[in-house]
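These numbers come from the heavy atoms of this one structure, side chains and all, not from hydrogens, waters or symmetry mates. Labels below follow one simple rule: chain letters A, B, ... track the order of the sequence lines, proteins then strands, and each chain is numbered from 1. The structure displayed is predicted, hence computed values, not measured ones.
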Number of protein chains: 2
Amino acid sequence: MESDDALREALRLAVDPPGGVSIEALRELARDDDATDWDIATTAAHLAVNPHTLRYYERIGLVRVTRNKAGHRRYDAAAIRRLVFLTRMRTSGMPISDLRHYVDLVDAGHDTVPERMEMMLEHRDTLRSQIAQLQLALAATEYKIATYQGAPLP
Amino acid sequence: MESDDALREALRLAVDPPGGVSIEALRELARDDDATDWDIATTAAHLAVNPHTLRYYERIGLVRVTRNKAGHRRYDAAAIRRLVFLTRMRTSGMPISDLRHYVDLVDAGHDTVPERMEMMLEHRDTLRSQIAQLQLALAATEYKIATYQGAPLP
DNA sequence: GCTTGCCTTTGAGTACGCTCACACGCCTAG
DNA sequence: CTAGGCGTGTGAGCGTACTCAAAGGCAAGC
């Protein structure tokens with residue numbers, strides 16, 4: 001039933017919000033475990049990033065990706081999960097250097113959990129103030145809109 | 001009462017949130033109108049930007065700034081208001097090129113109100129999805145934190 | 001008078017995060 | 001068998017938005 005899979009894939013791509021893999025797609029990837037590894041194009045499409053970016057992330061050590069016998073990248077569920085996390089952190093403004101440090105900590109094992117938590121706590125604060133800033137900007141924008149709607153004022 | 005002013009200024013600087021002039025400070029600036037123009041250092045401090053950035057914004061035509069007889073910039077209430085708006089738009093990700101276009105429209109007069117409103121409507125949408133993205137990132141971050149707190153899990 | 005410090009202009013330099021060019025390899029369809 | 005399409009690694013290039021360097025001016029305090 002290959003066309004069935006293709007159809008489901010197309011539907012999923014059409015439905016998923018831009019800029020993120022859906023939770024459902026991720027869950028499905030986790031369910032059948034190792035059979036459904038994605039190639040670089042599929043992965044890039046789901047994550048809404050450039051395939052070049054995925055190669056770049058691997059080059060700088062953010063993810064390790066296995067290869068098939070042709071030497072092509074195959075992204076398994078663990079890699080996708082990490083990439084989802086990484087792209088979320090990136091789109092929320094965490095610098096690449098911090099992410100490199102973070103994955104180094106992950107690779108170093110359980111002893112680094114306190115430092116990782118410290119990083120996440122700090123990022124949480126950053127995110128909260130970012131959201132607050134954006135809400136101010138949104139208010140300013142809506143104020144302008146209201147002004148333009150209300151009066152022919154400059 | 002110059003030391004009084006200085007004291008109030010210091011207090012205001014201490015209290016204002018980083019990354020923004022307070023509404024109160026702006027209102028006061030508007031109240032006594034032309035007497036309280038700010039120099040570049042004061043303006044930069046209130047807007048939480050580098051003085052170099054203010055010169056840059058003027059250079060590329062985002063603001064017009066008057067000079068005192070020594071040739072130094074003096075930011076009046078109108079300039080500050082525009083800069084507050086500009087920095088809000090910048091911190092919320094509007095590109096400089098769009099801002100240039102926007103101020104050109106403002107300078108071109110009332111006829112451009114529809115296009116300006118169009119820009120603001122579009123930016124409002126951008127902001128809303130940005131906020132949604134950040135809230136996803138916040139949820140992911142809080143999930144990590146909870147994981148690290150709950151179990152000594154990777 | 002001279003130093004100190006903040007200001008001026010202009011052109012150049014930097015940081016970041018991709019993004020691309022190039023030269024080549026594998027696999028499938030016609 | 002060969003052409004098309006997608007993949008590979010590596011070094012170089014790019015866009016954005018600042019950020020700084022250099023050379024000099026003015027004004028107040030010692």
- So do the side chains of A/T112 and A/V106 get within less than 4.5 Å of each other, counting heavy atoms only? no
- Contact check, side chains of A/M117 and A/L121, non-hydrogen atoms, under 4.5 Å: yes
- Task: Would you please test B/F85 and A/K144 for side-chain contact (heavy atoms from CB on, under 4.5 Å) and show each step?
- Result: CA-CA 10 Å; B/F85 175 71; A/K144 284 278 179 198; 3.6 Å; yes
- The side-chain hydrogen bond (donor to acceptor under 3.5 Å, both in side chains) partners of A/R64 (sequence neighbours excluded) come to A/D107
- Query: Is there a path of hydrophobic side-chain contacts, each under 4.5 Å between heavy atoms of I, L, V, M, F, W or Y residues, that connects B/V49 with B/V103?
  - Reply: yes
- From CG of A/L86 across to P of C/dG17 the rounded distance in Å is 13 Å
- In degrees rounded to 10°, what angle is found between the helical axes fit to the five outermost pairs at each end of the helix from C/dG1-D/dC30 to C/dG30-D/dC1? 10°
- Message: Measuring from atom CG of B/L138 to atom CD1 of B/I131, what distance do you get when rounded to the nearest 0.5 angstrom?
- Response: 12.5 Å
- Message: Distance check, rounded to the nearest 0.5 Å: B/E118 atom CD versus A/I145 atom CD1?
- Response: 9.5 Å
- Query: What one-letter contact string describes nucleotides 3-20 of chain D from 5' to 3', where B marks a base within less than 4.0 Å of any protein heavy atom, S marks contact via sugar-phosphate atoms alone, and - marks no contact?
  - Reply: ----SBSBB-----SBBB
- Does the side chain of B/D98 come within less than 4.5 Å of B/H123's, by heavy atoms? no
- Taken to the nearest whole Å, CG/B/N68 to P/D/dA27 is 9 Å
